[in-house]
Structures are given as structure tokens and as C-alpha cells.
Amino acid sequence: METVKEVRTRRWEEKKYEDGVKWMSLEHNGPYFPPEYQPLPDDVSFYYNGKKVKLSLAAEEVALFFAQMLDHEYTTKQVFRENFFKDWRKEMTAEERSLIQHLEKCDFGELHNLHKAKVEARKNMSKEEKQALKEANQKITDEYGYCLLDRHKERIGNFKIEPPGLFRGRGEHPKQGMLKKRVQPEDVIINCSKDSRIPVPPAGHRWKEVRHDNTVTWLASWTENVQGSIKYIMLNANSKLKGEKDWEKYEVARKLKSCVDDIRDQYLRDLKSKEMVTRQRAVALYFIDKLALRAGNEKEEGETADTVGCCSLRVEHITLHDQLDGNECVVEFDFLGKDSIRYYNKVPVIKKVFKSVKLFLENKEHGDDLFDRLNTSLLNKHLSSLMPGLTAKVFRTYNASITLQQQLKALTNRKTKLLSYNRANRAVAILCNHQRAPPKTFEQSMATLQTKIEARKEQLALAKTELKQAKKEAKAKGNSDPKLQKYRCEEQLLKMEVQATDREENKQIALGTSKLNYLDPRISVAWCKNMGVPIEKIYNKTQREKFAWAIDMTEADFEF
DNA sequence: AGCCGGACTTAGGAAGGGCAGA
DNA sequence: TCTGCCCTTCCTAAGTCCGGCT
């Protein structure tokens with residue numbers, strides 16, 4: 001007799017296809033294209049050098065992109081302005097180009113105001129208008145938001161073609177401000193099964209190509225003009241395909257758990273190697289494992305912001321301290337990582353690592369690679385020889401998940417379970433350096449909460465006095481129950497205090513990323529079961545859908 | 001061996017929406 | 001009923017890693 005658990009698990013486990021085949025049938029309606037550009041009304045003009053200029057449609061559209069962003073800081077950045085102006089001029093007619101030579105002489109004021117008015121109008125829409133808009137959007141979702149994969153209806157993640165606009169990179173991106181062009185059906189490749197209803201291109205257009213490749217999961221793709229990279233239309237995270245992949249990822253990380261001790265022994269031994277490559281590999285692995293650094297692929301200079309990961313660290317990103325704050329052998333890291341988020345950390349390391357790094361830095365200067373013999377492909381080749389499926393990023397997943405599990409065991413306080421959970425989650429977010437900009441209204445909303453807490457404290461004091469009073473007059477005839485009132489008051493006070501602590505500790509930490517991408521959901525599901533916490537308390541609707549596989553199959557005894 | 005295109009995951013910020021308190 | 005706040009959803013950029021090619 002098989003258990004419910006086994007049946008549920010098998011449902012997710014059944015792997016129909018081998019050797020890279022992802023589906024047998026795929027049918028969809030193609031991507032949704034953004035609406036065509038609507039020309040400016042006659043009473044809104046662009047001015048050049050103080051004179052009204054009626055722009056061609058193409059130039060006008062791009063001008064509006066810039067005007068819309070005028071409130072944003074990056075329209076003041078030199079690189080952004082230059083890139084924009086250069087690309088804008090390409091969209092102009094010859095006459096426009098010869099007239100409009102300097103961005104400083106351009107007056108986008110009326111276009112900017114028009115945009116602001118539109119935003120305002122949208123905000124002030126009546127209930128009926130909002131409802132109508134919502135219904136129209138729903139219709140679009142109904143038509144384009146779903147596909148049929150192996151006869152199951154699945155949600156598509158991003159079914160809309162990205163609208164044109166000005167490219168906004170993160171950090172000091174050399175291409176910021178460049179024009180991201182409007183995507184035409186003629187740019188789009190459709191992927192679906194041969195025997196399916198082929199999506200119909202918008203009237204008067206045709207697709208670039210229709211192909212039937214069942215070894216990939218995307219439904220449509222196009223090449224974006226700024227970076228020349230391919231963009232894809234893919235399934236939603238709650239789809240079976242994505243869920244299975246996610247599960248697989250955590251299974252690989254669990255496998256690492258079973259052999260991580262050996263791997264650690266090995267790279268500690270490798271620290272003594274006379275081979276420079278081996279020694280650099282060992283140090284890199286030490287950092288990746290201990291600090292959850294990303295692999296750090298090399299990037300093309302001048303094409304993207306200057307950011308690094310482990311293998312691409314340079315001399316200027318680390319400082320060695322023989323002694324620092326009472327610790328020996330401290331490595332100070334200071335670099336911009338993914339999304340130009342700063343990684344700053346002072347880490348005491350073992351002597352061998354410290355001495356090795358010192359050696360690697362010898363005769364190098366600012367701009368040189370710390371690991372000059374190493375790259376991610378070499379590193380990953382080594383890792384995959386230690387364990388099938390092992391790559392650098394598995395360490396991040398493994399260390400994140402194991403940390404959550406350990407922290408949950410260590411921290412869980414029966415009285416403030418959710419705070420404990422968030423603290424465990426936070427420990428992981430800190431490990432992975434998942435930061436966010438402090439919310440703009442942080443200080444103020446913190447103060448508001450504090451005021452409420454004070455008020456509640458007073459109320460509690462009052463309730464306590466009343467309770468004493470009531471006890472004295474043994475036969476209380478009041479219609480309210482003072483005991484209950486005091487109890488409620490205490491509850492609410494505790495809740496608010498916990499909230500305040502949680503919020504303060506969360507000021508610059510983003511919990512979502514690790515929750516969504518690094519923490520094996522089965523750890524959380526099991527914890528909820530053990531603690532009697534409803535799963536809704538830690539996963540919202542979207543998250544529950546994404547982690548349906550884990551919620552379905554996990555029992556209280558799950559161990560990562 | 002190194003390079004590059006391709007496919008997929010991971011990431012933070014902006015926009016949207018719903019709800020509690022004024 | 002309005003307003004401000006917080007959470008969710010949307011958006012798309014920026015990573016990782018693989019495999020095929022030269």
C-alpha cells in the first residue's frame with residue numbers, strides 16, 4: 001500500500017521525456033504587442049532654441065520617451081544624455097537632424113506636462129473607468145496569457161512584447177539612454193508544435209519565423225537591439241515545467257550536502273598545491289563556499305556596467321589586513337556585484353587562504369585580475385568532476401538552504417514564530433547580499449508605528465488598573481470584560497512590537513529574492529507543519545502557486 | 001582552448017492595488 | 001470618503017552555464 005505522500009511525490013517526479021525534450025505539444029496565441037504610438041495633440045509642442053518645431057512621428061515618439069523621464073535623475077547623467085541624443089537623431093528626418101544639434105537647446109516642457117497630466121488623469125479615473133480598464137486587461141490576459149502545453153493549460157509569465165523606450169541599465173551602464181526600438185512581428189520567432197494552431201500575426205504583418213523546437217521551453221523570442229541579446233516569452237513560475245526544474249535545483253543542492261565535507265577537505269588541501277591554477281581555484285572555492293559569492297563570468301568591457309563576481313575579482317576589490325579589529329588575516333572585500341549592488345565585507349580567513357591571496361597579488365596593480373589563471377569555465381569543469389551537476393551557483397543554493405534550516409532550529413521562539421522565521425530568512429538574505437534601497441518613507445513610518453506602540457502601552461496600563469478595580473468589586477457588572485480587554489491589549493502590543501523589530505531589521509534587506517530563488521520551500525513547509533503555522537503566513541498566493549510541488553509533497557519530517 | 005550564441009535563472013525597482021485609519 | 005501606506009505584481013536587466021564552433 002503506497003502512502004499519499006508517495007503518490008503525490010510521484011506526480012511531480014514522473015519524467016516523461018528524455019534527452020532534452022521539454023514537451024510533445026505546445027499551442028499558444030503568440031505574444032501581445034503594445035499599442036501603436038499615438039501622436040501628440042495639436043496644443044502640445046516641442047521647442048528647439050525657443051522655436052516651436054513639429055517633429056516627425058518617429059522623432060516625436062522618441063522625444064516623448066525622454067520627456068517622460070525628466071523627473072528622473074538619470075536624464076541628468078552625461079552618458080544617458082549623449083546616448084539618447086545620438087539615437088534620437090537617428091530617428092529624425094534629415095531636416096530635423098540638421099536643425100536639432102544640441103540637447104541643451106531642446107525644450108520638452110510641454111511634452112513632460114502632457115505626460116504628467118496623463119498620469120494624473122489615470123489616477124483620478126472613476127470607479128467605472130477603472131473597472132472597464134481592468135476588464136479590458138483581463139480580456140488581453142485571457143487571450144494571450146495562457147498556452148496549452150501537453151494538453152494542460154498553463155499560464156505564461158511574460159506574454160507581452162516589451163514596449164519601446166529608453167534603455168535604463170543598472171549602475172554606471174555605458175549604454176544607458178540608448179533607444180530600445182519597437183519590436184515588430186517581423187522580429188519575432190514563434191515556437192510551437194507542428195500540428196498546433198499557429199499564432200496569427202497582427203494584421204498586415206508576418207512572423208520572422210515559425211519553428212517547432214521541443215527541446216526548449218520558450219514560446220516566442222526576439223533579439224533586442226541595445227545589447228543584441230535574445231528575449232524570450234516563457235511560462236509562469238507556477239507551471240509544471242518550471243516547478244520540476246526548481247525541484248531539481250534543490251535536489252542537486254541536497255546532493256551537495258552529502259559530499260560537501262569531502263569537497264571542502266579537497267579544496268583546503270589544494271590550497272597547498274604548487275600549481276597556481278589549482279591554488280587559485282581552491283581560494284576561489286573557499287570564497288564561493290564561505291561567502292556565497294557568485295561565480296563571476298568575464299564580461300565584455302564597455303558593453304555593460306563594471307561589476308564582478310568571484311572569478312573576476314580584481315586587485316582593487318580586496319584589501320588585506322594582517323590585523324584588524326582584533327582579528328588576524330582579514331580580507332576586506334569592496335566591489336560592485338550583480339545589478340551594481342555593493343558587496344562590502346571584512347572576513348577573517350584561514351592563514352593558508354590569506355597567504356595565497358597575498359601571493360596572487362604580488363607584482364599586480366590596479367585593474368589586474370586577482371585570479372589570473374582561473375575562470376568560471378575552469379572552475380565549473382572541476383566542480384562537475386567532483387559531483388554531477390555541481391556548479392558554482394549550487395553552493396549559493398546549498399548554503400542558503402542549509403542556513404535557513406539551521407537558523408530555524410536555533411531561533412524558533414514559540415511566542416514570536418513569524419519573527420523567528422523572518423530572522424532566519426534575513427540571515428540568508430544577508431549571506432547572499434540581497435539588498436534594497438531603504439524605503440523612502442522608512443523613518444517616518446517607523447516613527448508612526450512607535451507612536452502607536454506608546455499609545456497601546458498607555459491603554460494597557462489603563463486596562464490593568466481597571467482589571468484590579470474589577471477584581472476588588474468582585475461582582476463586576478460592567479458589560480465589557482476587563483480581563484479580556486487586558487489580554488487583547490497585550491496581544492496587540494506584542495504584535496506591534498514584533499512588527500517594529502522586524503521592520504527595523506529589514507530596512508536595507510530584501511527577503512524576497514532568497515525566498516523565491518534560494519530557499520528550498522520544503523524546509524519552510526515542514527517548519528510550518530511542525531510549528532502549527534498556516535502556510536499562508538509565510539507564502540502569499542503567488543508563492544504558494546510557485547511552490548505547489550513542495551506544499552504537495554512535504555511532510556513535517558523533511559530534512560534538507 | 002577559447003569564444004560566442006543561446007537558454008534559462010536571478011535580481012531590484014516601478015507600478016498597481018487594496019486596505020486601514022483619519 | 002479620502003489618503004497614505006504596504007504588499008503584490010509587473011517589468012526587464014543582469015547574471016549563470018552549456019554546448020557548438022573555430
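Not measured: the values here are computed from a predicted model.
In this structure, the separation between NZ on A/Lys515 and CG on A/Leu404 is 10.0 Å, given to the nearest 0.5 Å. Interatomic distance, A/Lys180 NZ to A/Phe167 CZ, rounded to the nearest 0.5 Å: 8.0 Å. The distance from the OH atom of A/Tyr74 to the CZ atom of A/Arg168 is 3.0 Å, given to the nearest 0.5 Å.
Side-chain N/O atoms of A/Arg122 include none lying less than 4.0 angstrom from OP1 or OP2 on B/dA15. Residue A/Lys249 has a polar side-chain atom (N or O) positioned under 4.0 Å from OP1 or OP2 of B/dT10. For A/Asn540 and C/dT8, the shortest distance from a side-chain N or O to OP1 or OP2 is below 4.0 Å. Side-chain nitrogen and oxygen atoms of A/Thr217 include at least one within less than 4.0 Å of the OP1 or OP2 phosphate oxygen of B/dC8. Phosphate contact (OP1/OP2 of C/dC17, side-chain N/O of A/Thr376, threshold under 4.0 Å): absent. Dashed line: the shortest gap from a side-chain N or O of A/Asn517 to OP1 or OP2 of B/dT9 is not under 4.0 Å. OP1 or OP2 of B/dA11 sits under 4.0 Å from a side-chain N or O of A/Arg396. For A/His72, a side-chain nitrogen or oxygen approaches OP1 or OP2 of B/dA14 to under 4.0 Å. For A/Thr307, a side-chain nitrogen or oxygen approaches OP1 or OP2 of C/dG15 to under 4.0 Å. The side chain of A/Lys393 places no N or O atom within less than 4.0 Å of a non-bridging phosphate oxygen (OP1 or OP2) of C/dC18.
The two residues A/Val21 and A/Met24 come nearest to each other via the heavy atoms CG1-SD, 4.3 Å. Shortest non-hydrogen contact noted between A/Lys546 and A/Ala237 is CD-CB, 3.9 Å.
In this structure, CG of A/Leu241 is placed 14 Å from P of B/dA7, rounded to the nearest angstrom. Between A/Ile341 atom CD1 and C/dA14 atom P the separation is 12 Å, expressed in whole Å. Atom-to-atom, CG of A/Leu511 to C1' of C/dC7 comes out at 13 Å; the value is rounded to the nearest Å. Rounded to a whole Å, the CG atom of A/Leu166 is 16 Å from the C1' atom of B/dA14. A/Asp213 has its CG atom 15 Å from the P atom of C/dG19, to the nearest Å.
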Using atom names, set out every protein N or O paired with an N or O of nucleotides 10-13 of chain C below 3.5 Å, distance rounded to 0.1 Å.
from: C/dA13; atom 1: OP1; to: A/Lys180; atom 2: NZ; distance (Å): 3.1
from: C/dA13; atom 1: OP2; to: A/Lys231; atom 2: NZ; distance (Å): 2.4

Identify each atom pair where a protein N or O and an N or O of nucleotides 20-22 of chain C are less than 3.5 Å apart, giving names and distance.
none

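Considering only the side chain of A/Ala392, C/dC17 comes nearest among B/dA7, B/dG18, C/dC17. Minimum atom distance to the side chain of A/Tyr232 is reached by B/dC8, of the listed C/dT16, B/dC8, B/dT10. The side chain of A/Thr391 sits closest to C/dC18 out of B/dA7, C/dC18, B/dG12. Comparing C/dG15, C/dC17, C/dT9 against the side chain of A/Thr542 picks out C/dT9 as the nearest.
Counting only heavy atoms from C-beta outward, the side chains of A/Cys147 and A/Glu27 never approach each other to under 4.5 Å. Using a 4.5 Å heavy-atom cutoff, the side chains of A/Lys175 and A/Glu303 are in contact.
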Exercise. Any chance you could lay out the side chain to side chain donor-acceptor pair (under 3.5 Å) test for A/Tyr250 and A/Arg522, step after step, and finish with the verdict?
Key: CA-CA 9 Å; A/Tyr250 291 112; A/Arg522 291 170 295 184; over 6 Å; no

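Tested against A/Arg211, the residues A/Val216, A/Ile190, A/Ile189 include a single side-chain contact (heavy atoms from CB on, under 4.5 Å) partner, A/Ile189. A side-chain contact (heavy atoms from CB on, under 4.5 Å) with A/Ile156 holds for exactly one of A/Ile233, A/Asn236, A/Thr141, A/Leu149; it is A/Ile233.
Ranked by how close their nearest DNA chain B nucleotide is to the 5' end, A/Leu378 and A/Lys134 are led by A/Leu378. Residue-to-nucleotide proximity on DNA chain C shows that, of A/Gly337 and A/Lys541, the 5′-proximal contact is made by A/Lys541.
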